[in-house]
Amino acid sequence: QVQLVESGGGLVQAGGSLRLSCAAFGRFFSNYIMAWFRQAPGKERELVAAINRGGSNTYYSDSVKGRFTISRDNAKNMVYLQMNSLKPEDTAVYYCAADAGHYFSDYRIYDMKSYDYWGQGTQVTVSS
């Protein structure tokens, strides 16, 4: 029903910046809670940031708070993740995810089973 396509990943030096984009193909994009997850080799997939349907409320994990910014443009069916002051520990595959549920809460957005659609992922590598 909805296809998510991430782009913008790449190789960057520590301290640098990247902006990830997630394009949504399908109807009713504005009805979805959107989130970014990441997964490093040998580690569990973890929530990075989330944004509610209207874009007025956001959540960030402690590890990226103050460095990353999630935003959305519902008119363009796009979600972004601006990543500044990148660290080697930010190296991971980053995934865009969409949740059709009604509740924007810590409990819900942390649960990967809440998300109905996932992108294919984009690799971010930060060199030291």
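Positions are given from 1, in the same order as the sequence printed here. No experiment lies behind these values; they were computed from the predicted model shown. All values below come from the heavy atoms of this structure, side chains included, with hydrogens, waters and symmetry mates left out.
Grouped by direct or indirect side-chain proximity (heavy atoms under 4.5 Å, Ile/Leu/Val/Met/Phe/Trp/Tyr only), Val64 sits with Val2, Leu4, Val12, Leu18, Leu20, Phe29, Tyr32, Met34, Trp36, Val48, Ile51, Tyr60, Phe68, Ile70, Val79, Leu81, Met83, Leu86, Tyr94, Tyr117, Val124, Val126. Through side-chain heavy atoms spaced under 4.5 Å, either directly or across other Ile, Leu, Val, Met, Phe, Trp or Tyr residues, Tyr80 is tied to Met78. Leu11 belongs to no hydrophobic cluster, as no Ile, Leu, Val, Met, Phe, Trp or Tyr side chain comes under 4.5 Å of its own.
Counting only distance, with no hydrogens or angles, the side chain of Thr91 and the backbone of Thr125 share no donor-acceptor pair below 3.5 Å. Side-chain atoms of Glu6 come within 3.5 Å of backbone N or O of Gln120 as a donor-acceptor pair. Counting only distance, with no hydrogens or angles, the side chain of Asp99 and the backbone of Ile33 share no donor-acceptor pair below 3.5 Å. For the pair Arg53 (side chain) and Phe104 (backbone), a donor-acceptor distance under 3.5 Å is absent.
Side-chain contact, Glu44 with Gln39: no donor N or O sits under 3.5 Å from an acceptor N or O.
For residues 60-73, the salt bridge (charged side-chain N to carboxylate O under 4.0 Å, His left out) pairs, not counting sequence neighbours, are Asp62-Lys65, Arg67-Asp90. Applying the disulfide (SG to SG under 2.5 Å) rule to pairs touching residues 58-94 yields nothing, sequence neighbours excluded. Counting only residues at least two apart or in different chains, disulfide (SG to SG under 2.5 Å) contacts with residues 2-104 comprise Cys22-Cys96.
Taking 4.5 Å as the limit, some side-chain heavy atom of Ser127 sits within range of a side-chain heavy atom of Gln13.
When the salt bridge (charged side-chain N to carboxylate O under 4.0 Å, His left out) test is applied to Arg45, no partner is found at least two apart in sequence or on another chain. Partners of Arg19 under the salt bridge (charged side-chain N to carboxylate O under 4.0 Å, His left out) rule, at least two apart in sequence or in another chain, do not exist in this structure. In this structure, the side chain to side chain contact (heavy atoms under 4.5 Å, CB included) partners of Phe25, at least two apart in sequence or on a different chain, are Gln3, Val5, Ala23. Annotation: side chain to side chain contact (heavy atoms under 4.5 Å, CB included) contacts of Asn84 (sequence neighbours excluded): Ser17, Gln82. Applying the salt bridge (charged side-chain N to carboxylate O under 4.0 Å, His left out) test to Glu46 and every residue at least two apart in sequence or in another chain returns Arg38. Under the side-chain hydrogen bond (donor to acceptor under 3.5 Å, both in side chains) criterion, Ser56 pairs with Asn52, not counting sequence neighbours.
Note that CZ of Phe37 and OH of Tyr95 are 12.0 Å apart. Values are rounded to the nearest 0.5 Å.
Ser128 approaches Ala14 most closely through the heavy-atom pair CA-CB, 4.4 Å.
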